[in-house]
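Chain A is the first sequence line, chain B the second, and so forth, proteins listed ahead of strands; every chain is numbered from 1. Hydrogens, waters and symmetry mates play no part in the numbers below; they use all other heavy atoms, side chains included.
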Number of protein chains: 2
Amino acid sequence: MTVWDRPEPPNPPVPLDRELIITAAIALADEGGLEAVSLRKVAARLNAGPMRLYGYISTKQELFDLMVDEVHGEILPEEQPGDWREALRVVAHRTRRAALRHEWLADLLGGRPTLGPNGLAVTEAKLAALDGLADIDTVMRAVETVSAYLIGVIRREIANLRAERATGLSKRDWQRASGPHMTRMLATGRFPALTKAVHDGTDVDPERSFTIGLDWVLDAVALKLSQPPA
Amino acid sequence: MTVWDRPEPPNPPVPLDRELIITAAIALADEGGLEAVSLRKVAARLNAGPMRLYGYISTKQELFDLMVDEVHGEILPEEQPGDWREALRVVAHRTRRAALRHEWLADLLGGRPTLGPNGLAVTEAKLAALDGLADIDTVMRAVETVSAYLIGVIRREIANLRAERATGLSKRDWQRASGPHMTRMLATGRFPALTKAVHDGTDVDPERSFTIGLDWVLDAVALKLSQPPA
DNA sequence: TCTCATAGCGATACACTGTATTTCGGCCTT
DNA sequence: AAGGCCGAAATACAGTGTATCGCTATGAGA
């Protein structure tokens, strides 16, 4: 082999850093879902070999944690309104919208404690909104309850969205039990209440149902704020 | 090769069926978490080749769905108490206990619509508990809200449990921010409300916090039952 | 009873995964 | 100019879900 045959380095190795890796991983996940995120593909986007990433992250799970924290950065509102209720509402809606932008977030939400800086900042914002309005334990319980509701609704909304997409049925049809499976199930007569609900229920769009449920939970919080624990 | 060399079939192929497969998969998941469930390992438990499973399930995702539905069978209470509140409470606690028995359930909860027979039966039970106490839309919203809370709290409880286990810290220590990471984060001063909460908050056991949050959500439901929508 | 078809099962194959280990090439120091 | 070192890349490995292929044992028909 002469000098002339020697292939020149195809790309001068780009200096890597965590932020670049996270951005690439998020882009991949936005396009093809979480399962499209492989260390090889992330590395390829950055013109690097897979092993190179291990200088910046120590495991794939850690990469996921970093992705989640990055999105928590999008969730943090720039300024907090004074009213606690409005503050919690804003964070909730921002979380939901983030999950609609990054559907994979639903897969990760609540899966691990959120200890990243942005995740903690979001928790801080929730706590701060209620700070001083009740004893600290009540405040914590309130934040935990609202957060739990959030995780649950968002997961369900995304799950339904994917199901509709996969079956090609509109939400209306699906809720109306037009799917052959549901039709068969309901026909057994074992689920009278469900049948009635599917048949007579109004179908509301997810945002509205999200908001209603959220308001209920916030009502419950309001109730406890006005009645300190026994 | 003579007849004498011919190896006899090592195990007369056990007649397989979905139930056997599901049971084996659940056993594996109970022992080693979801990621310990591979089609090869499930098949091995049943003295079968991996491909054999594809006669009964068409994809791994489907196996997961079946596992979830199986556990929903454990959740269904044998008899419904008359009081709607007690009925919902029972289902909630049974769900939580099922998730503690099968921690992997937390990873799957809310991830996909629950359309299996047992899953539908659980939904039916929730709807039935509230049937007639308000218009059908209010009832649906109530069930959805409670279910969302359930998914969220359970996920969080399991996530925390795993984190404690992994770090070797007791929940007390972790909540007290004894972890080096948390200590550093709180020391930045960027999270005053969180710091106060961690510092001054009483640590309650997860079951109690679960119950309190649940009661709040049920209070919210009670409120709406007494005030039909505008 | 002998032959043939068929169905079901195992083995093989493939493309890919996360990660450990090894190898190599270029730079810096002496 | 030589040697050492460090970072990146290549290789390696054990495993994954699933498609395909080939055999074998059984049942049907003649």
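Scored by the side-chain contact (heavy atoms from CB on, under 4.5 Å) test, B:Pro192 finds A:Glu124 as partners (sequence neighbours excluded). Listed by chain and residue number, A:Glu62 satisfy the side-chain contact (heavy atoms from CB on, under 4.5 Å) test with A:Ser58 (two or more places apart in sequence, or in another chain).
Among residue pairs with one or both ends in residues 180-194 of chain A, none qualify as salt bridge (Lys or Arg N to Asp or Glu O under 4.0 Å); sequence neighbours excluded. For residues 38-48 of chain A, the set of pairs meeting the salt bridge (Lys or Arg N to Asp or Glu O under 4.0 Å) definition, not counting sequence neighbours, comprises A:Glu31-A:Arg45. Residues in residues 88-102 of chain A take part in these salt bridge (Lys or Arg N to Asp or Glu O under 4.0 Å) pairs, two or more places apart or across chains: A:Glu74-A:Arg101, A:Glu78-A:Arg94, A:Glu86-A:Arg89, A:Arg89-A:Asp215, A:Arg96-A:Glu157, A:Arg96-A:Glu207.
The aromatic rings of B:His93 and B:Phe210 sit perpendicular to each other, their planes meeting at more than 60°, with 30° as the lower class boundary.
The NZ-C1' distance, from A:Lys60 to C:dG18, rounds to 8 Å in whole Å. Nucleotide C:dT19 holds its P atom 18 Å from the CZ atom of A:Arg52, rounded to whole Å. In this entry the distance linking CG of A:Leu63 with P of C:dG18 reads 10 Å, nearest Å.
Of the residues in residues 27-40 of chain A, those placing a heavy atom less than 4.0 Å from an atom of DNA chain D are A:Arg40, in numerical order.
Proximity of B:Thr59 to the phosphate of D:dG17: no side-chain N or O atom is located under 4.0 Å from OP1 or OP2. Close to D:dT18, at under 4.0 Å from its OP1 or OP2, lies a side-chain N or O of B:Tyr54.
Of the candidate nucleotides C:dG10, C:dT17, C:dT19, C:dT17 has the atom lying nearest to any side-chain atom of A:Lys41.
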